[in-house]
Amino acid sequence: MVARGQPQERQEQRVGRRTRRVVGNWKMHGALARNAALLDACVQRFQAAAPGVEIVVCVPFPFLAQAQTLLRESDVAWGAQDLSPHAQGAYTGEVSASMLKEFGAAFVIVGHSERRAQHSETSALVAAKAAAALAGGLTPIICLGETLEEREADMTEAVVAGQLAVCMETLGLPALGQCVIAYEPVWAIGTGRTATAVQAQKVHAFLRARLGETGDTMTLLYGGSVKASNARELFAMPDIDGGLIGGASLTIDEFEPICRAFD
Ligand code: PGA
């Protein structure tokens, strides 16, 4: 288990020079009572028997205070699912990095395919959000991935390379190295259709190669219908350092075995 707190206090479980992570993405799910039960269960199960990975839950904005209260003394980190690219100002409905930071968030997801598709987020905006997160002291989890049409047209590598290139140009490699990348093929999200471990590994190896030496220390997560039944095979791949977990992060009985699927 990676204890949060001062970096020098962390007992990081690493793959070579990389930190393993499992990140729950609650999406627009949750209610106070249900969250409390899930967060309490996370605290108890993971403190009692550490799985040797950094565990993060990314909750809807209204539940950040609850996560802060219930996870404060635990080994589970928390974060948000989006943020504004702006630091402050007349941006009705937006939430800034400093606001997330005040609620103890350490991570924030940016560029999830649901936001790219449903809110017309471009790679330029995603990169600007990642920059805002870094400036505010948060670790952005930058999501990349191709649609089914793009995969079938043999464009997977071109698409993810293009998405990554915008982040590289905007942030620069040293700053990008502070981020987490999540490869999430759009066709595998919430569909029950997972990329095979070999398919996912191929894209992860491709992304890591594009990142050069910077990639040697970066956590690359896979996301898209990860479940207790397929996590072990995915996480055994040399370039897959953990997962971004949607539906299966909503119940402790599914989430816990995924967090333990590394040995
Ligand atoms: P899923 O979602 O695990 O429910 O497929 C993953 C994600 O969208 O981050």
Side-chain angles (χ1 to χ4, degrees), residues 2-7 10 19 21-32 34-36 38-39 42-43 54-116 118-119 121-144 167 170-171 175-182 184 218-219 221 223 242-246 249-250 255:
V2 178
R4 288 176 300 102
Q6 297 308 309
R10 294 183 172 192
T19 302
R21 294 187 164 101
V22 176
V23 180
N25 172 14
W26 287 9
K27 308 194 180 187
M28 199 175 72
H29 294 287
L32 289 172
R34 194 151 30 104
N35 302 345
L38 178 55
L39 294 172
C42 284
V43 170
E54 184 167 49
I55 296 168
V56 184
V57 291
C58 289
V59 304
F61 293 135
F63 300 138
L64 278 169
Q66 186 183 28
Q68 184 181 36
T69 302
L70 296 180
L71 299 177
R72 184 180 272 131
E73 300 299 324
S74 81
D75 289 329
V76 180
W78 63 96
Q81 301 167 14
D82 187 31
L83 85 167
S84 170
H86 305 289
Q88 64 172 354
Y91 302 104
T92 302
E94 298 266 60
V95 174
S96 71
S98 64
M99 294 172 188
L100 301 179
K101 190 77 182 167
E102 274 211 290
F103 283 94
F107 293 85
V108 60
I109 297 170
V110 296
H112 191 281
S113 63
E114 287 154 13
R115 294 208 61 84
R116 289 181 190 257
Q118 296 162 14
H119 300 271
E121 290 199 5
T122 61
S123 290
L125 178 59
V126 172
K129 289 184 173 195
L134 286 172
L138 303 168
T139 300
I141 300 168
I142 303 171
C143 299
L144 312 171
C167 287
T170 306
L171 301 175
L176 186 57
Q178 305 303 308
C179 305
V180 170
I181 304 274
E184 296 205 308
M218 289 181 71
T219 301
L221 306 177
L244 181 55
I245 318 299
S249 70
L250 297 173
F255 192 50

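Here, residue 1 is the first one in the sequence, and each next residue gets the next number. We use all heavy atoms of the structure for the numbers below, so side chains are in, but hydrogens, waters and symmetry mates are not. Since the model is a prediction, treat every value here as computed from it, not as a measurement.
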State the SG-CG distance between Cys143 and Leu221, to the nearest 0.5 angstrom. 8.5 Å
Would you say that Phe255 contacts Ile245 through its side chain, given a criterion of any heavy-atom pair below 4.5 Å between the two side chains? yes
Should Ile109 and Leu244 count as side-chain neighbours, where that means a heavy-atom distance under 4.5 Å? yes
Could you check whether any side-chain N or O of Thr170 sits under 3.5 Å from a backbone N or O of Ala127, counting only pairs where one atom can act as donor and the other as acceptor? no
From CZ (Arg115) to CG (Leu125), nearest 0.5 Å: 8.5 Å
Is there a side-chain contact between Val59 and Leu64 in this structure, where contact means two heavy atoms from C-beta onward sitting under 4.5 Å apart? yes
Backbone N or O of Cys58 within a donor-acceptor pair of the Gln81 side chain at under 3.5 Å? yes
Trp78 (side chain) donor-acceptor with Phe107 (main chain) under 3.5 angstrom: no
Distance-minimising heavy-atom pair for Leu38 and Leu250: CD2-O, 3.6 Å
Would you say Val76 and Val56 make side-chain contact, with heavy atoms under 4.5 Å? no
Show your reasoning for whether side chain to side chain donor-acceptor pair (under 3.5 Å) applies to His112 and Glu184. CA-CA 8 Å; His112 191 281; Glu184 296 205 308; 3.2 Å; yes
What distance do Leu39 atom CG and Ser74 atom OG have between them, rounded to the nearest 0.5 Å? 8.5 Å
Do the non-hydrogen side-chain atoms of Cys179 and Thr139 ever get within less than 4.5 Å of each other? no
For residues Asp82 and Val95, determine if any side-chain heavy atom of one lies less than 4.5 Å from a side-chain heavy atom of the other. no
Below 4.5 Å, heavy atoms only, C-beta onward: do Ile142 and Leu176 meet side chain to side chain? yes
One should read off an interatomic distance between Leu83 CG and Glu94 CD, to the nearest 0.5 angstrom, of 8.5 Å
Hey, are the side chains of Arg116 and Ser123 touching, using non-hydrogen atoms and a 4.5 Å cut-off? yes
